[in-house]
Peer 1: 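Sharing a structure here in structure tokens format.
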Amino acid sequence: MKRWLALLLFALLALPAAAEVPKPVIAIAKPGQCIAPVEEMRRNHMDMLRHQRDRTLRLGEREAKVSLNACIDCHASRDNGSVLGDKENFCQGCHAYAAVKLDCFECHQAKAKKTAEIKP
Amino acid sequence: MTAHIAYRELGNKSAFWILFLITAALAAAGLAAHLTMEHHGHVITGMDNRIVWGLPHVFAVFLIVAASGALNVASTASVFGKSIYKPLAPLSGLVSLCLLAGGLAVLVLDLGRSDRLIVAATQYNFKSIFAWNIFLYTGFYAVVGAYLWLMLEKRFNKYAHAAGVTAFVWRLVLTTGTGSIFGFLVAREAYQSAIMAPMFITYSLAYGTAIYLIVLLSACRIEQRPLGDEVLRRLKNLTATFVAASLYFAAAHHLTNLYFTRNHGVEAFILVDGGPITQLFWLGQVLVGAVLPLVLLLAPGVTRGRIVAACIAIVLGGLAQMYVTIIGGQAWPLDLFPGYAVSSSFADGQIHPYAPGLWEVLLALSGLGIAALLTVTALRLLRFLPERVDDTSLAQHEK
Amino acid sequence: MSENGQPSSGRRNILGAGAAAAALAIAPGIQLITTAGAHASGTHALASNKQRWGLLIDTSRCKTGCTECASACARENAIEPGAGRPAQNAQWLRKIELKDKVSGRELSLPMMCQHCAHPPCVDVCPTGASMQRADGIVLVDRHICIGCRYCMMACPYQARSFVHEPLHAQNPEVPRGQGCVEACTLCVQRVDRGQQPACVEACQASGGAAMVFGDLKDPGSEIAKRVASVASSQVRADLRLDPAVRYQGI
């Protein structure tokens, strides 16, 4: 019974919503192989980053496989060199689609390293 | 066994709605100020890297300190066995919780990252008195909440005494914690004294009892409920005692500081040539906050109007005291190089000015608004105020 | 409750042990790092309590009016003046001009986070955002900083700044943002690469050579030798916070 109710609720709420909101179309600067399969990255990237952030900051581990700056270097958009900006930008596009608050870039630079370097 | 006390909600609807709208407007203005500050950053306030705690902290700390003092009447009733105050005890607990809510709201809304409140609630550094205060504040809610329940539920009245003692001890620890926030700052010449904690406890007794009396007298007047002269006489004498004790502690604090020559600079700043800080100390904290209420409360022929005026003066004086303590303590420069005159691009060695901006004034005032809004609403919805507080009905409880 | 309070402290301890083991395994490499302050191999060790990074500042070589160190600091860490009042701008490193009230002797020196061994900012921080690495560098974990500013009240050196407005031009290696407190990191991103802090490099490049950076625990390092041989002092040593920044000639 509960399962049916849940399904009904899902059909009422989620399906029309999914039908109305277009999936983000994202063009990134360096397409290619990520550090893990897409499915795993989609599901776990936040945990990977959370885990690594403490190691980098508190232990000084600088050469880890997981790195926000490395994410940005590959996933920044070709147009503005950033993972933020519009629906087409990697982080912003997907987080807007999934309606999840994105807090990283309150402090972190959202542009790929070369673009961000203001002063040589 | 004492006679049953009948409590009733506020009945005066129009008075309630007027008060509700005023206090709700204040609270809403504070929320708007918070959202604006969160959007633009603290750059739109008068605060900066030297005056890091501004007017919101003045009001927030005042309300938190007053909150523990407002519990005073309840403590006197159950801890010290003065059963004449028993019918007045629930209101005391209520005012206490509402003041704490107002103070904490301002404190939280003034954080740089208020959106991360969950972090403050889940990650603790137990060396920090701030972290301990988070437990003391939430614990205060639990303890006073339980105390209120045991007082108001007739079947459990017998446990109210134990709960009252717990609440009393808790509030002493809580205010010690608040005072220690300042007492533990090693390099701030205006604080760094163990006297901060007991001094804050004394302040809390005066501020809290004054606010309680304002609420009680206004509620009884609006509701036209009888309030006995005898209980009022005792309460105003109690308040006067607390004000005198506060004055004593303030004097002891400054005299102790003056004993050490190295502190003469900061003391001269606060007591003699600190401009607005000095004025707020002498005119605000001492004259309006202590001398005036003492005269109003102790001179013969006290009227209810005079008691309310005295209590309002105590509140104003209390806010002045917090301003002198918090802003004055920061305006005075840190002495990095004793014996040297220093200057830098970061205001080293300078007495730093502070002028609160519109947003932080609104945020600060909203603390009073939220506390009053909660009190008024609770009194309208719940049975906290006794139907009769006249001397004959109170005398039945005095056994 | 303390497990709850420090969710990763247990894990961190385990990691710390692991890191120590790793450090032992590559001990020669570590020696290399501490003496030269540079590791050519690129093998990167974790912060270790075998080291304590510090600065020695010779005030006799620090010129009044010279702000090379402060400019380099602002450049490296992308600190720009904001739209607000000057006192609202972040300053991780500032020059202080001093004048002896009795003798009239004048001197000039840079002031920044002193990276105390017993930092009051770490003690008072309610969430544990103010923290100290094993190698003594005091940092703010902006992931859990709530912007309460208690650390700024507690710091005897006025070394910390609060970010008063939104930022967009950060150095990718130096995250900083609105609503958090920050201070000199000893250019931790450079130190972890084996480089010197930007201020030290700039001081040397300008011919001042008033600043020496290095490992105070390594007897062979220049800073340790100098500290062992010449009189130097810590600012507000009476507070017994044991800062890692030392000054000559005060």
Side-chain angles (χ1 to χ4, degrees), chain B residues 38-53 57 107-108 110-117 119-120 122-134 181-182 184-188 191 329-330 333-349 352, chain C residues 1-2 4-7 67 70 82-91 94-102 107 111 120 122-130 143-150 152-158 160-166 178-181 235-236 239 241 250:
Chain B
E38 190 172 51
H39 180 73
H40 294 281
H42 278 62
V43 70
I44 58 168
T45 71
M47 290 175 257
D48 52 41
N49 286 319
R50 263 292 294 278
I51 308 289
V52 300
W53 288 351
H57 272 78
L107 211 57
V108 163
D110 185 50
L111 292 175
R113 296 296 307 254
S114 309
D115 54 324
R116 286 190 182 152
L117 199 57
V119 173
T122 51
Q123 308 225 0
Y124 296 105
N125 163 29
F126 283 100
K127 273 186 100 175
S128 168
I129 191 78
F130 247 31
W132 281 102
N133 279 345
I134 295 168
I181 288 176
F182 300 98
F184 286 177
L185 298 173
V186 285
R188 300 268 172 189
Y191 314 137
Q330 296 174 86
L334 291 162
D335 195 6
L336 267 60
F337 299 97
Y340 285 95
V342 297
S343 65
S344 80
S345 55
F346 212 45
D348 281 278
H352 201 69
Chain C
M1 208 62 208
S2 91
N4 186 21
Q6 298 278 327
T67 54
R85 302 187 305 279
Q88 291 177 324
N89 292 335
Q91 289 199 35
R94 63 191 190 271
K95 282 295 297 290
I96 300 188
E97 313 297 335
L98 294 87
K99 186 175 183 180
D100 191 317
K101 283 179 194 160
V102 180
L107 61 154
M111 177 54 58
V122 174
D123 284 347
V124 302
C125 177
T127 66
S130 273
H143 303 117
I144 57 170
C145 172
I146 56 172
C148 74
R149 290 125 44 219
Y150 195 16
M152 300 177 76
M153 291 291 281
C155 176
Y157 305 102
Q158 206 191 311
R160 291 201 156 182
S161 300
F162 179 68
V163 182
H164 283 76
E165 57 206 299
Q178 181 197 330
C180 291
V181 177
V235 178
R236 289 304 305 269
L239 298 172
L241 305 171
I250 306 182

Peer 1: Could you walk me through whether B:Tyr124 and B:Trp132 pass the ring-ring contact (aromatic ring centres under 6.0 Å, His included) test, one step at a time?
Peer 2: CA-CA 8 Å; B:Tyr124 296 105; B:Trp132 281 102; 9.2 Å; no

Peer 1: Sort out for me which of B:Phe182, B:Tyr340, B:Phe337, B:Phe130 touches chain C most, counting heavy-atom pairs under 4.5 Å.
Peer 2: B:Tyr340

Peer 1: Of the listed residues (C:Ala129, C:Pro156, C:Ala70, C:Cys155), which shares the most heavy-atom pairs with chain B below a 4.5 Å separation?
Peer 2: C:Pro156

Peer 1: Tell me, out of B:Ile51, B:Thr45, B:Leu107, who's got the most heavy-atom pairs with chain C below 4.5 Å.
Peer 2: B:Thr45

Peer 1: Against chain C, label B:Asp110 side chain, backbone, both or neither, depending on which of its atoms sit under 4.5 Å from a heavy atom there.
Peer 2: both

Peer 1: Do B:Arg50 and B:Pro333 come close enough that some side-chain heavy atom pair is under 4.5 Å?
Peer 2: yes

Peer 1: Can you see which heavy atom on B:Leu111 is nearest to which on C:Ile146, and at what distance?
Peer 2: CB-O, 3.4 Å

Peer 1: Answer yes or no for C:Arg149 and C:Phe162: cation-pi contact, defined as NZ/CZ to six-membered ring centre under 6.0 Å and angle to ring axis within 45°.
Peer 2: yes

Peer 1: Can you tell which of C:Lys99, C:Gln88, C:Met153 has the highest number of heavy-atom pairs within less than 4.5 Å of chain B?
Peer 2: C:Met153

Peer 1: Using a cut-off of under 4.5 Å on heavy-atom pairs, state which of C:Met152, C:Gln158, C:His143 scores highest against chain B.
Peer 2: C:Gln158

Peer 1: Using side-chain contact (heavy atoms from CB on, under 4.5 Å), reason through B:Arg116 and C:Cys180 one step at a time and then give a plain yes or no.
Peer 2: CA-CA 11 Å; B:Arg116 286 190 182 152; C:Cys180 291; 3.8 Å; yes

Peer 1: For C:Val122, what residues pass the side chain to side chain contact (heavy atoms under 4.5 Å, CB included) criterion, not counting sequence neighbours?
Peer 2: C:Pro119, C:Ser130, C:Val138

Peer 1: The criterion is ring-ring contact (aromatic ring centres under 6.0 Å, His included); which residues satisfy it with C:Tyr157, sequence neighbours excluded?
Peer 2: none

Peer 1: Among C:Pro126, C:Gly179, C:Ala87, which residue forms the greatest number of heavy-atom pairs with chain B at distances under 4.5 Å?
Peer 2: C:Pro126

Peer 1: Heavy-atom pairs under 4.5 Å with chain C: which of B:Ile134, B:Ile129, B:Ile181 has the most?
Peer 2: B:Ile181

Peer 1: Apply side-chain contact (heavy atoms from CB on, under 4.5 Å) to B:Asn49 and C:Gln91, showing your working.
Peer 2: CA-CA 9 Å; B:Asn49 286 319; C:Gln91 289 199 35; over 6 Å; no

Peer 1: Side chain, backbone, both or neither: which part of B:Leu117 has an atom under 4.5 Å from a heavy atom of chain C?
Peer 2: neither

Peer 1: Which bit of B:His57 comes within less than 4.5 Å of chain C, counting heavy atoms only: side chain, backbone, both or neither?
Peer 2: side chain

Peer 1: Compute whether any side-chain donor of one residue and acceptor of the other, for C:His164 and C:Asn89, lie under 3.5 angstrom apart.
Peer 2: no

Peer 1: Based on non-hydrogen pairs under 4.5 Å, which of B:His42, B:Glu38, B:Lys127 is most in contact with chain C?
Peer 2: B:His42

Peer 1: Taking every non-hydrogen pair under 4.5 Å, which of C:Pro120, C:Ser161, C:Gly84, C:Ala83 racks up the most with chain B?
Peer 2: C:Ser161

Peer 1: Please name the pair of heavy atoms, one in C:Glu165 and one in C:Gln178, separated by the smallest distance, quoted to 0.1 Å.
Peer 2: O-CB, 3.5 Å

Peer 1: Does any heavy atom of chain C fall under 4.5 Å from the side chain of B:Leu334, the backbone, both, or neither of them?
Peer 2: side chain

Peer 1: Just so I understand: if I count every heavy-atom pair under 4.5 Å between each of C:Val102, C:Leu241, C:Thr67, C:Ile250 and chain B, which residue has the most?
Peer 2: C:Ile250

Peer 1: Below 4.5 Å from any heavy atom of chain B, which atoms of C:Lys101 appear? Answer side chain, backbone, both or neither.
Peer 2: both

Peer 1: Which of the residues B:Ala347, B:Ala341, B:Gly41 is involved in the greatest number of heavy-atom pairs with chain C at under 4.5 angstrom?
Peer 2: B:Ala341

Peer 1: Taking it one step at a time, do B:Leu185 and C:Tyr150 satisfy side-chain contact (heavy atoms from CB on, under 4.5 Å)?
Peer 2: CA-CA 9 Å; B:Leu185 298 173; C:Tyr150 195 16; 3.6 Å; yes

Peer 1: B:Gly329, B:Ala187, B:Gly339: which one forms the most heavy-atom pairs within less than 4.5 Å of chain C?
Peer 2: B:Gly339

